Amino acid sequence: MSIVRLEHVFKDYTLGEQAVQALKDITLSIDDGAFLAIAGPSGSGKSTLLNLIGCIDTPTLGKILINGQDVSGRTPDELADLRARTIGFIFQTFNLFPVLSAEENVEYPLLQLKEISAAERRNRVSQYLAIVGLSKLARHRPNQLSGGQRQRVAIARALATQPKIVLADEPTANLDHKTGEGILQLMKEINGNFKTTFIFSTHDSRVMEMADRLVRIEDGQIVRQDVDDNENWTS
Ligand code: ADP
Ligand code: ADP
């Protein structure tokens, strides 16, 4: 089953008098459990696409289905609830709260899920900090952690709600190559172990190579899609 489906999606932004067509007629199905890279140069529409899949923004035209549900016509509250339960986010600048410790950052999105008790929250926090290898640094604040460690905290935070989908916008852009590779390997491991769908954007060709499926966008359009064996691509 497709965990994400976009049908003829367009996204325009208005900048003063000018309209920018950031996405033009995007049709895309993403299988549950995918490890998919969205590749393309700066300004090609990668962040816009992730924001639409993440229900942070809405399309100008077209249909988006998340987990089989059409998200158009949902109220902001309904979308916030869908996001909190279904989607985890990882950003290139990590976006951790600087005054909160690693464990408090991981706990934060769990506070939105009222059915999760305080005891369960504590379990989840230690479980996911352990998964990313940061149990010993749980009390550290972001400024006491390296870039790679901060991104690990962000991954634990994205996973703690046990989302179906994790969206990562250039997750390795602010890391050196070796650290970035470690982060991708960790994402890949989690994808293998939990069947969490990962959708990440990048313009680093070495990062693209780690994906099982690559969707290339240029100037707001899909120009190529392929899977890792390169046998099955359609343009
Ligand atoms: P975003 O679109 O996520 O806001 P950008 O892609 O614009 O971020 O830029 C992130 C960094 O990567 C910048 O330092 C930019 O100069 C660099 N960059 C942008 N496009 C490319 C590219 N095609 N190849 C290599 N580096 C790039
Ligand atoms: P990428 O992530 O690949 O760098 P973006 O999705 O950020 O690309 O941008 C796609 C296009 O949309 C670019 O031309 C960019 O300038 C424009 N754009 C993105 N966000 C906005 C916005 N909030 N307002 C106006 N134009 C935007």
Side-chain angles (χ1 to χ4, degrees), residues 35 46-47 50-51 53-57 66 76-77 79-202 204 207 210:
F35 196 70
K46 302 184 296 298
S47 303
L50 287 175
N51 289 345
I53 295 171
C55 305
I56 288 175
D57 206 351
I66 304 294
D77 280 353
L79 287 180
D81 193 64
L82 174 80
R83 268 199 307 275
R85 286 166 202 290
T86 316
I87 302 170
F89 294 91
I90 300 170
F91 305 91
Q92 61 172 300
T93 51
F94 321 132
N95 291 18
L96 300 175
F97 292 108
V99 298
L100 300 183
S101 65
E103 62 187 5
E104 289 165 341
N105 269 284
V106 175
E107 185 182 26
Y108 191 82
L110 294 168
L111 296 168
Q112 280 176 274
L113 302 179
K114 298 298 172 215
E115 70 278 17
I116 296 185
S117 68
E120 171 64 8
R121 278 205 310 274
R122 280 193 295 278
N123 283 338
R124 293 266 188 110
V125 169
S126 48
Q127 181 190 354
Y128 286 92
L129 279 175
I131 286 168
V132 300
L134 284 184
S135 302
K136 289 193 174 136
L137 301 177
R139 300 287 166 85
H140 283 53
R141 288 192 183 173
N143 67 3
Q144 299 171 301
L145 299 169
S146 70
Q149 289 168 342
R150 289 180 202 184
Q151 197 57 302
R152 285 170 179 263
V153 175
I155 293 173
R157 179 182 57 181
L159 292 173
T161 57
Q162 303 181 337
K164 297 284 296 169
I165 307 163
V166 172
L167 301 177
D169 197 357
E170 306 246 4
T172 64
N174 288 301
L175 303 172
D176 64 58
H177 178 60
K178 196 163 156 277
T179 308
E181 215 173 67
I183 290 295
L184 256 290
Q185 264 155 11
L186 174 63
M187 284 167 43
K188 182 82 204 159
E189 226 175 272
I190 291 162
N191 167 257
N193 291 343
F194 301 103
K195 308 289 167 243
T196 310
T197 301
F198 277 80
I199 305 170
F200 59 96
S201 68
T202 185
D204 181 341
V207 169
M210 297 182 70

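Remember, predicted model here, so these are calculated numbers, not experimental data.
Between Phe200 and the options Phe35, Phe89, Phe91, a ring pair (Phe, Tyr, Trp, His ring centres under 6.0 Å) holds for only Phe35. A salt bridge (charged side-chain N to carboxylate O under 4.0 Å, His left out) with Glu107 is found for exactly one of Arg121, Arg157, Arg122, Arg124, namely Arg121.
Minimum heavy-atom separation, Ile53 to Ile87: O-CD1, 3.7 Å. Between Leu82 and Cys55, the shortest heavy-atom distance links the atoms CD2-SG, 3.7 Å. Here the closest non-hydrogen pair linking Asp169 and Leu50 is CA-CD1, 3.6 Å. Closest heavy-atom contact between Ser135 and Ala130: OG-CA, 3.3 Å. Across Ala102 and Leu137, no two heavy atoms sit closer than the pair CB-O, 3.7 Å. Here the shortest heavy-atom pairing between Ile90 and Ala158 reads CG1-CB, 3.8 Å.
Distance CE/Met187 to CZ/Arg152: 12.0 Å, rounded to 0.5 Å. Between the NZ atom of Lys114 and the CG atom of Asp81 there is a distance of 11.0 Å, given to the nearest 0.5 Å. The distance from the CD1 atom of Ile183 to the NZ atom of Lys178 is 12.0 Å, given to the nearest 0.5 Å. In this structure, Ser126 OG and Ile131 CD1 are separated by 10.0 Å, a value rounded to the nearest 0.5 Å. Taking CD1 from Ile155 and CZ from Phe198, the interatomic distance works out to 7.0 Å, rounded to the nearest 0.5 Å. In this structure, Glu103 CD and His140 NE2 are separated by 11.5 Å, a value rounded to the nearest 0.5 Å.
Contacts of Thr179 classified as side chain to side chain contact (heavy atoms under 4.5 Å, CB included), with partners at least two apart in sequence or in another chain: Leu175, Asp176. In this structure Lys195 satisfies the salt bridge (charged side-chain N to carboxylate O under 4.0 Å, His left out) test with no other residue, sequence neighbours excluded.
Between the side chain of Gln151 and the backbone N or O of Gly148 there is no donor-acceptor pair closer than 3.5 Å. Here the side chain of Glu120 pairs no donor or acceptor atom with the backbone of Ser117 at under 3.5 angstrom. Checking side-chain atoms of Ser201 against main-chain N and O of Glu170 turns up a donor-acceptor pair under 3.5 Å.
A heavy-atom distance below 4.5 Å is found between the side chains of Ile56 and Arg83. With contacts defined as side-chain heavy-atom distances shorter than 4.5 Å, the pair Val132/Val153 does not qualify. Contact of the Arg85 side chain with the Leu113 side chain is registered, since non-hydrogen atoms from C-beta on lie closer than 4.5 Å. Residues Leu186 and Ile190 meet the side-chain proximity criterion, which asks for heavy atoms closer than 4.5 Å. Looking at heavy atoms from C-beta onward, Tyr128 lies in side-chain contact with Gln162 at the 4.5 angstrom threshold.
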Problem - Audit row: Leu110, Thr161, side chain to side chain contact (heavy atoms under 4.5 Å, CB included) steps and yes/no - result: CA-CA 6 Å; Leu110 294 168; Thr161 57; 3.9 Å; yes

Exercise for the section: Decide yes or no on side chain to side chain contact (heavy atoms under 4.5 Å, CB included) for Phe94 and Asn105, but give the supporting numbers first. Expected result: CA-CA 11 Å; Phe94 321 132; Asn105 269 284; over 6 Å; no

